[in-house]
Engineer: 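Below are the structure tokens for one structure; questions will follow.
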Amino acid sequence: SGLPEKGLRFRVIKNFLERRTGDKRLDQSILNLCAMVERSYLKRYLSFIGILASIAPLLGLLGTVTGMITTFNVISCSGTGNAKAMAEGISKALITTQGGLMVAVPGLYMGNFLNNHARRLENRLDELIMTIKRHMSDD
């Protein structure tokens, strides 16, 4: 048939053909339902990825604050003479900041990339639905 067996168009057409009744109005509703199911799959995890990418810098900031509190506690207890203990708190602060940014930057990039890809697939889905409806009205 020329369509990949697991592609978006294949699934929509397969599901539609399995459910169609021969009644044009009902079949158009069935076709819309098949498209709606696929649309929900396209966007299923995109908001989750965006939320994780947005929260990561905040978690890094929380670690930064915790590390700085540790550093200030060391300074208040033993002054600035205990460089090793101070370095531990500063290291904790910097590592968590770095971790948050290492998750956020690629996460935001990939979230945007996947959103754009989902939009393109939705456009293809809309074109497919319009084409099928046009063929249904020609019958």
Engineer: Which Ile, Leu, Val, Met, Phe, Trp or Tyr residues join Leu108 in one cluster when any pair of side-chain heavy atoms under 4.5 Å counts as a link?
Structural biologist: none
Engineer: Which residue pairs satisfy the side-chain hydrogen bond (donor to acceptor under 3.5 Å, both in side chains) criterion with at least one member in residues 69-88, sequence neighbours excluded?
Structural biologist: none
Engineer: Excluding sequence neighbours, so at least two apart, what forms salt bridge (charged side-chain N to carboxylate O under 4.0 Å, His left out) with Lys133?
Structural biologist: none
Engineer: Can you give each donor-acceptor pair under 3.5 Å made by side-chain atoms of residues 89-106, sequence neighbours left out, with the distance rounded to 0.1 Å?
Structural biologist:
residue, atom, partner, partner atom, Å
Thr96, OG1, Gly60, O, 3.4
Thr96, OG1, Thr64, N, 3.1
Thr96, OG1, Lys92, O, 3.1
Thr96, OG1, Ala93, O, 3.0
Thr97, OG1, Thr64, OG1, 2.2
Thr97, OG1, Ala93, O, 2.9

Engineer: Only one of Arg134, His135, Met136 passes side-chain contact (heavy atoms from CB on, under 4.5 Å) with Ile132; say which it is.
Structural biologist: Met136
Engineer: Atom CG of Asn112 and atom NE2 of His117: how far apart are they, to the nearest 0.5 Å?
Structural biologist: 13.5 Å
Engineer: For the pair Ile13 and Leu17, evaluate side-chain contact (heavy atoms from CB on, under 4.5 Å) and give the outcome as yes or no after the intermediate values.
Structural biologist: CA-CA 6 Å; Ile13 292 170; Leu17 291 176; 3.7 Å; yes
Engineer: Taking atom types as modelled, is there a side-chain donor on Asn123 or Arg120 under 3.5 Å from an acceptor on the other?
Structural biologist: no
Engineer: Do Ile30 and Leu26 make a side-chain contact, defined as non-hydrogen atoms from C-beta onward lying under 4.5 Å apart?
Structural biologist: yes
Engineer: Just by distance, do the side chain of Asp27 and the backbone of Gly22 share a donor-acceptor pair under 3.5 Å?
Structural biologist: yes
Engineer: Counting only N and O atoms by type, is there a donor-acceptor contact under 3.5 Å from the side chain of Arg11 to the main-chain atoms of Lys6?
Structural biologist: yes
Engineer: Among Ile, Leu, Val, Met, Phe, Trp and Tyr joined by side-chain contacts under 4.5 Å, find the other residues sharing a cluster with Ile51 and list them by chain and number.
Structural biologist: Ile55, Leu59
Engineer: By the rule that ILVMFWY residues connect when side-chain heavy atoms come within less than 4.5 angstrom, directly or transitively, which residues belong alongside Tyr41?
Structural biologist: Val37
Engineer: How close do Leu62 and Thr66 get, heavy atom to heavy atom, and via which atoms?
Structural biologist: O-OG1, 2.7 Å
Engineer: Quick check against the 3.5 Å criterion: does Arg20 have a side-chain atom that pairs as donor or acceptor with the backbone of Phe16?
Structural biologist: no
